[in-house]
2 protein chains.
Amino acid sequence: MGTVSKALSLLTHFNHGRLEIGLSDLTRLSGMNKATVYRLMGELQEQGVVEQIEEARSYRLGPQVLRLAALREASVPILSASRRVLRELSEATGETTHLSLLQGDQLASLSHAYAPQHATKVMMEDAEVLTFHGTASGLAVLGFAEPAFVDAVLARPLEARTPQTQTDPQVVRAQITEVQRCGIAQSVGGFEAEVHSHAVPIFGPDRAVLGALAVAAPTSRMSAAQRVAIPQALQAAGLALTHRIGGVCPPHFPTGLAA
Amino acid sequence: MGTVSKALSLLTHFNHGRLEIGLSDLTRLSGMNKATVYRLMGELQEQGVVEQIEEARSYRLGPQVLRLAALREASVPILSASRRVLRELSEATGETTHLSLLQGDQLASLSHAYAPQHATKVMMEDAEVLTFHGTASGLAVLGFAEPAFVDAVLARPLEARTPQTQTDPQVVRAQITEVQRCGIAQSVGGFEAEVHSHAVPIFGPDRAVLGALAVAAPTSRMSAAQRVAIPQALQAAGLALTHRIGGVCPPHFPTGLAA
DNA sequence: AACCAATGGTTCACATAATGAACCATCAAG
DNA sequence: CTTGATGGTTCATTATGTGAACCATTGGTT
């Protein structure tokens with residue numbers, strides 16, 4: 001692995017539960033040598049990608065990433081395009097909606113909207129990394145990703161986030177086949193207990209899957225009516241978002257008209 | 001310079017006018033060897049920091065930066081804190097407002113708001129890199145930055161963006177002194193012709209300057225009334241934003257009450 | 001068709017730059 | 001006044017990055 005990859009892989013250890021990481025922790029998390037981590041973080045800091053907090057001496061992400069993200073949005077305005085779609089979908093379904101995007105071999109939830117209707121709702125945080133096998137979004141992506149990618153994901157050990165999480169690769173493959181048939185994925189309690197999620201894939205201009213659009217509802221609110229209404233609204237919203245970003249569905253993608 | 005710094009410095013060549021860069025262009029822009037640029041970009045691509053466009057083979061920023069930016073906002077929610085302040089300041093002044101943040105030795109405009117009142121307004125793009133000597137925001141930052149930083153900035157050649165741009169370091173130093181006295185900076189046509197800008201610095205918890213809050217108006221609309229109203233509203237908004245992000249003004253900062 | 005000047009991509013001898021075990025300084029707790 | 005954390009530093013070893021020169025492809029010119 002090149003030095004640049006090593007340095008950037010250090011950034012993968014930052015997440016919502018670990019916004020600040022000290023040198024020793026980062027050394028342990030990465031498995032690298034302490035001196036190496038120290039120098040790499042020093043270089044990342046010079047470039048403003050991370051910054052060191054005065055008192056604690058721990059590191060957090062730096063201001064430079066904001067500029068890069070703004071330019072990414074200028075290139076591919078998928079987040080801004082998603083906001084309206086998410087808001088309308090939340091209003092239509094009365095539930096929390098979110099958009100997740102593929103980032104290499106990770107799937108991260110990057111934008112969300114809450115419905116005003118209910119006091120209880122599924123809460124979301126942006127930049128949360130989702131599992132492929134335990135979330136509707138992950139399954140929706142796997143259903144339309146390269147077979148080699150699916151194999152790579154299922155070759156890794158499948159973590160059980162809840163007692164309901166499916167960790168048998170065979171079962172997950174069966175779910176993927178079902179997703180390919182319907183064009184929509186479901187997960188009941190696979191990531192968070194008591195959450196029933198639906199998700200549809202989003203495609204880019206090259207017909208490759210970019211991520212997924214999802215509706216997450218408390219299981220208690222999944223009435224028979226919602227079981228019909230949510231997939232319908234979601235499939236329409238997914239097609240709309242794919243369209244708005246100049247994306248094209250693959251030829252065999254079921255648009256839900258036959259569902 | 002370390003390899004990591006070299007790789008990350010390639011990213012500085014992306015901006016609003018150059019969202020996609022080919023290998024040869026990037027080689028020229030960076031002054032590095034073509035093979036080096038090729039390998040570095042390959043590594044950045046592996047990590048999702050950049051991605052290569054199929055047809056053109058040129059590079060653009062990748063999806064990974066969105067995740068990093070979301071986490072940065074979770075650590076230091078300066079952009080989300082700024083949005084309300086910007087909107088209210090735009091409404092109060094009737095002009096375009098924007099926030100710029102220091103990113104190492106660069107100042108980038110990262111968030112803005114337009115006023116609904118007028119058909120003509122100063123247009124802004126996020127992630128635009130501002131000059132220190134030719135913008136009110138830049139001068140506001142220099143006025144409260146480390147003296148060594150000011151020296152470094154003024155040691156570089158000062159580019160003239162417009163015929164009105166001040167490029168004499170002596171004159172700029174005089175302007176900085178004035179900024180330190182008043183707590184507010186001005187620039188008339190120093191970056192874009194026909195634009196009169198005011199700016200105030202924003203401070204972090206360690207009393208260091210983080211960036212600047214600015215109001216940009218067409219020179220034609222800078223009436224005597226506005227010349228009083230804009231600085232007043234801007235200084236109040238600047239203090240409010242510094243406060244909202246947990247920042248503290250340095251002890252000698254003029255709050256405008258004596259202006 | 002032959003030519004030229006671009007482009008992106010690849011090779012390999014060479015030298016620079018990264019590595020990691022061991023080190024020091026500091027701190028807080030026992 | 002140990003013990004075990006932490007962040008930070010050193011330096012001999014070697015792995016890694018480098019760049020001149022190369023190839024392949026494309027698109028425009030004569």
Side-chain angles (χ1 to χ4, degrees), chain A residues 1-15 17-62 64 71 75-76 104 204-206 208, chain B residues 1-15 17-62 64 71 75-76 104 204-206 208:
Chain A
M1 202 200 300
T3 314
V4 176
S5 296
K6 277 184 214 163
L8 293 174
S9 74
L10 289 174
L11 301 179
T12 63
H13 299 104
F14 288 88
N15 58 46
R18 251 199 308 267
L19 291 173
E20 300 174 3
I21 313 184
L23 178 60
S24 294
D25 281 342
L26 201 49
T27 301
R28 271 188 296 274
L29 286 166
S30 64
M32 297 180 198
N33 183 282
K34 182 162 60 116
T36 302
V37 173
Y38 180 68
R39 274 180 317 97
L40 293 179
M41 290 306 280
E43 285 204 73
L44 291 175
Q45 184 172 20
E46 263 178 37
Q47 303 297 318
V49 174
V50 302
E51 66 183 10
Q52 196 167 19
I53 298 152
E54 296 282 316
E55 331 91 68
R57 322 227 99 185
S58 57
Y59 299 93
R60 67 174 168 219
L61 291 163
Q64 189 68 37
L71 289 172
S75 292
V76 186
D206 53 355
Chain B
M1 203 200 301
T3 315
V4 175
S5 296
K6 278 184 213 163
L8 294 174
S9 74
L10 289 174
L11 301 179
T12 63
H13 298 106
F14 289 88
N15 59 47
R18 252 200 306 267
L19 291 173
E20 301 175 2
I21 313 184
L23 178 59
S24 294
D25 280 341
L26 202 48
T27 301
R28 271 187 294 275
L29 286 167
S30 64
M32 297 180 198
N33 185 281
K34 183 161 60 114
T36 302
V37 173
Y38 180 67
R39 275 180 315 97
L40 294 179
M41 290 306 280
E43 285 204 72
L44 291 175
Q45 184 172 23
E46 262 178 38
Q47 303 298 317
V49 173
V50 301
E51 67 183 9
Q52 197 167 17
I53 297 151
E54 296 282 316
E55 332 91 68
R57 324 224 99 183
S58 58
Y59 299 92
R60 68 175 167 217
L61 290 163
Q64 189 68 37
L71 289 172
S75 292
V76 185
D206 53 357

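Order of the sequence lines fixes the chain letters, A, B, ..., with proteins taken first and strands second; residue numbering starts at 1 for each chain. Atom set for the values below is all heavy atoms of this structure, side chains included, hydrogens, waters and symmetry mates excluded.
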Check whether any side-chain N or O of Y38(B) sits under 4.0 Å from OP1 or OP2 of dT10(C), and answer yes or no.
yes
Whole angstrom is fine here: how far is it from CG in L44(B) over to C1' in dG17(D)?
15 Å
Given dA18(C), dG8(D), dA21(C), identify the nucleotide with an atom nearest to the side chain of A35(A).
dA21(C)
Within the pair R57(B) and dT7(C), is there a side-chain N or O less than 4.0 Å away from OP1 or OP2?
no
OP1 or OP2 of dA17(C) under 4.0 Å from side-chain N/O of T3(A)
no
Nearest nucleotide by nearest heavy atom, which residue falls closer to the 5' end of DNA chain D, L40(B) or K34(B)?
L40(B)
Let's see if you can work this out: which of dG9(C), dT19(C), dG20(C) has an atom nearest to the side-chain heavy atoms of R39(A)?
dT19(C)
Length of the line joining I53(A):CD1 and dT6(D):P, which is rounded to integer Å
16 Å
Which of these passes side chain to side chain donor-acceptor pair (under 3.5 Å) with E51(A): R60(A), Q64(A), Q45(A)?
R60(A)
If the cut-off is 4.0 Å, is T36(A) near the phosphate of dG20(C), judged by side-chain N/O to OP1 or OP2?
yes
Provide, to the nearest angstrom, the distance between the CG atom belonging to L26(B) and the C1' atom belonging to dG19(D).
16 Å
Quick one: is S24(A) getting a side-chain N or O under 4.0 Å of the dG7(D) phosphate, OP1 or OP2?
yes
Can you find a heavy atom in the side chain of V76(A) that is under 4.5 Å from one in the side chain of L61(B)?
no
Just to confirm, is there a sub-4.0 Å distance from OP1 or OP2 of dA6(C) to any side-chain nitrogen or oxygen of R28(B)?
no
Considering only heavy atoms from C-beta outward, does the side chain of L11(A) approach that of L44(A) to under 4.5 Å?
yes
Value in whole Å for how far the P atom of dT25(D) lies from CG of L23(B)
17 Å
Sorted by position of nearest nucleotide on DNA chain D, 5' first, the leading residue of S58(A) and M1(A) is S58(A)
Closest heavy-atom pair, E20(A) versus F14(A), reported as atoms and distance to 0.1 Å, is CA-CE2, 4.4 Å
State which residue, out of I21(B), T27(B), D25(B), fulfils the side chain to side chain contact (heavy atoms under 4.5 Å, CB included) condition with L23(B).
T27(B)
Check the phosphate of dT19(C) against K6(A), side-chain N and O only, distance under 4.0 Å to OP1 or OP2. Yes or no?
yes
Just how far, in rounded Å, is P of dC12(C) from CG of N33(B)?
16 Å
